[in-house]
Each structure stands twice: as C-alpha cells, then as structure tokens.
Asks: 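If you scroll down you'll find the structure; I have some questions about it.
All of these numbers come straight from a predicted model, not from anything done at the bench. All residue numbers refer to positions in the sequence shown, counting from 1.
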Amino acid sequence: MNMKERETILNELLEKRGCEFAVQYCSLWKNNHCRNAYRLLNSSISAPTIYEDDWFYKNDNEVVEYLIDQYEELTSIDIMSKLPEFTYEYISTHLRPMLVSETNISMLQNEGICYYRIENTDLLAIFYIAIECPDGMMSCKMKNIQLEALGMNLSEVYELAVQNQRKDVRVYDMADLLIGMIKEDIEELIGIDEVDVTEMKDTVREEIVLPMYVVSTIQKCKGASAILCSEARKIVCEKLGVSEFIIIPSSIHECIVTLNYENIEKLKELVRSVNCNLDIEDKLSDSLYICRNDKIEML
C-alpha cells in the first residue's frame with residue numbers, strides 16, 4: 001500500500017483518536033528527485049511536513065502514534081510565531097542561491113519553484129530565504145508566486161542572491177581539509193583531543209598531484225554556488241597563479257577547483273564514478289566546467 005492509498009485509513013484512525021489534525025499526501029521536490037510526505041493539516045497552524053521513512057512501514061496504529069508525536073513536538077516549538085515577516089527588505093537581504101542540475105527542471109516547474117539558468121552550462125540557480133530563528137537556521141525555497149508578489153524578475157533575484165552570498169565565500173586548501181579530516185578521525189578513534197599531524201602534512205601534500213582548492217561558504221552547506229561570485233573566482237586565480245581553471249562539481253555543497261587538466265575525459269569519468277557513491281540529494285552534476293575570463297562554461 002502506498003502513501004496516497006494509506007491516507008484515508010490514517011485519517012480515519014486520527015479522527016477516532018480525536019486528533020485535531022489530518023494528514024494529506026504530497027510529493028515534494030528534493031534535489032534530483034521527489035520525496036513522498038504527509039502534511040499535517042490544522043486550520044490554526046502551518047502545515048508541517050513529515051517525509052516518508054522507516055516509520056511508514058510500521059502498522060497503522062504505530063504510524064498514527066508516530067504522527068501524533070511529531071505533531072505535538074512541532075506545534076510545541078511554535079515555529080511560525082518566531083519567524084520574521086517576509087517583507088521585501090528581509091527577503092532581499094536574506095536571499096541565497098543554490099546550484100542544481102538542469103535535470104531538475106520539470107520537477108521545479110511542477111512545484112512552481114523559480115530557477116535561473118546559468119549561461120553556457122547545464123546548471124540552474126534556485127533561491128532560498130535563509131531564516132534566522134532561536135533554534136538555528138531554516139530555509140524556504142522561493143517560488144514564482146512569491147517572485148510575482150514582490151514584483152521582482154529572475155535576473156534581479158539572481159543578482160541579489162549572489163551579492164548576499166559574497167560575504168560567506170570561502171576558498172579552502174584541499175590538503176588542509178584532508179589533514180583536518182584525518183586528524184579528527186584519529187582523535188575520535190583513540191579518544192585524544194589533540195593529535196599532532198605535523199609529520200603527516202608533507203605526505204598528504206605529496207599525494208595531491210595538482211594543486212586543488214575547495215570553493216564553498218563559511219557554513220559549508222549549499223556552498224557550491226559560491227563559485228558564482230566573482231570574488232571567489234578571483235581568489236582561486238590568485239591561489240593557482242593562473243587566469244583560467246577547471247571546476248569540478250563535488251556536490252551541491254562545494255566545488256573543487258584545479259589547474260587546467262590535459263586528460264579531460266579521464267577527469268569526467270572520475271567525476272561520474274564519485275557521483276555514483278554520492279547521496280542523490282547532494283549530487284550536483286556529472287559535467288566539468290572551466291572558468292575563462294571570469295566566465296564559467298561547460299566542457
């Protein structure tokens with residue numbers, strides 16, 4: 001039985017329990033696919049969404065108990081009362097871009113999510129509003145209906161989002177990141193807070209044939225879009241000592257940049273191989289890109 005078929009059964013059980021909410025099946029876009037979910041409907045609150053997971057395959061009564069627990073937890077937080085008013089001023093300063101593949105177009109269109117085509121590539125920029133709340137950070141994808149209500153066009157939204165991204169841009173040395181990861185793994189394994197990896201640094205750097213840097217944001221989340229900022233591209237050129245460089249789409253969270261590489265087909269094959277082991281929602285693209293004259297193009 002699928003989620004849509006089970007919707008009626010669960011609503012009948014919820015009604016018998018005297019619950020103040022009902023469930024409604026929906027299929028919502030996540031990067032590269034859609035996920036089944038239930039909206040928990042109540043006229044006095046927003047409709048929180050519970051995505052399909054292991055809980056769905058339990059018996060009906062256990063699923064109802066799970067949904068009731070989720071509803072009580074979400075309503076007790078009272079998120080909506082803590083959210084800011086989505087004025088033009090708030091949105092224009094909290095808008096951020098996120099890079100996804102153009103293979104998502106039909107799914108984005110079905111949900112009315114606005115997107116901007118990155119010229120000469122197979123990439124799209126979608127936009128989200130970064131929301132600061134007492135319990136951390138939330139985000140809300142921008143839809144066409146919001147775009148129209150604000151009287152903005154896609155080019156304006158794109159420029160605003162990239163401009164807002166600039167202060168968050170970070171370019172990391174690949175060797176430093178790898179050394180940091182190894183250090184954390186060793187510390188966790190042997191239970192020591194500080195491990196000296198000085199002797200390891202030269203070995204790690206020798207293993208990296210070409211100089212490589214990782215372009216992301218300070219949050220390291222949805223940070224591949226940092227490459228859209230001219231400041232990031234300028235920093236990369238300075239670090240590599242070149243005027244053009246290769247962009248490897250590591251995930252939606254970061255890009256790897258390196259010197260122009262002679263065997264592009266071999267590099268493309270490597271990207272496809274790595275992507276096969278990547279979570280579908282983290283995958284960006286199987287393509288490679290080059291930055292020439294501060295312009296990004298697909299290879």
Asks: Indicate yes or no: does Glu254 engage Lys222 in a salt bridge with an N to O separation below 4.0 Å.
Replies: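 Looking at Lys222 together with Glu254, the answer is no, because their closest N to O distance does not fall below 4.0 Å.
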Asks: Looking at Arg96 and Asp168, does any basic side-chain N land under 4.0 Å from a carboxylate oxygen?
Replies: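 Here Arg96 pairs with Asp168 in a salt bridge, since their nearest N and O are under 4.0 Å apart.
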Asks: Is the closest side-chain heavy-atom distance between Phe245 and Ile247 below 4.5 Å?
Replies: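 Touching, per the 4.5 Å side-chain cut-off.
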Asks: Would you say that Leu150 contacts Met142 through its side chain, given a criterion of any heavy-atom pair below 4.5 Å between the two side chains?
Replies: yes
Asks: Taking side chain as C-beta onward, heavy atoms only, is Phe21 less than 4.5 Å from Arg39?
Replies: no
Asks: Inspect the contact between Lys268 and Glu265 and indicate whether a charged nitrogen and a carboxylate oxygen are less than 4.0 angstrom apart.
Replies: yes
Asks: A side-chain contact here means heavy atoms from C-beta on lying under 4.5 Å apart; do Asp173 and Tyr213 qualify?
Replies: yes
Asks: Under a 4.0 Å threshold between the charged nitrogen and the carboxylate oxygen, would Glu231 count as salt-bridged to Arg166?
Replies: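 Salt bridge present between Arg166 and Glu231.
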Asks: Among Ile235, Val236, Val242, which residue satisfies the side-chain contact (heavy atoms from CB on, under 4.5 Å) criterion with Lys239?
Replies: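 The side-chain contact (heavy atoms from CB on, under 4.5 Å) with Lys239 is passed solely by Ile235 among Ile235, Val236, Val242.
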Asks: Using the side-chain contact (heavy atoms from CB on, under 4.5 Å) rule, pick out the option among Leu228, Leu284, Ile227 that qualifies with Leu123.
Replies: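 Between Leu123 and the candidates, side-chain contact (heavy atoms from CB on, under 4.5 Å) is satisfied uniquely by Leu284.
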Asks: Between Arg35 and Glu52, does any side-chain N to carboxylate O distance fall below 4.0 Å?
Replies: no
Asks: Phe127 ring centre to Lys143 NZ or CZ under 6.0 Å, with the angle to the axis within 45°?
Replies: no
Asks: If you measure from the Lys or Arg side-chain nitrogens to the Asp or Glu carboxylate oxygens, is any gap between Glu269 and Arg272 under 4.0 Å?
Replies: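 So Glu269 does not pair with Arg272 through a salt bridge.
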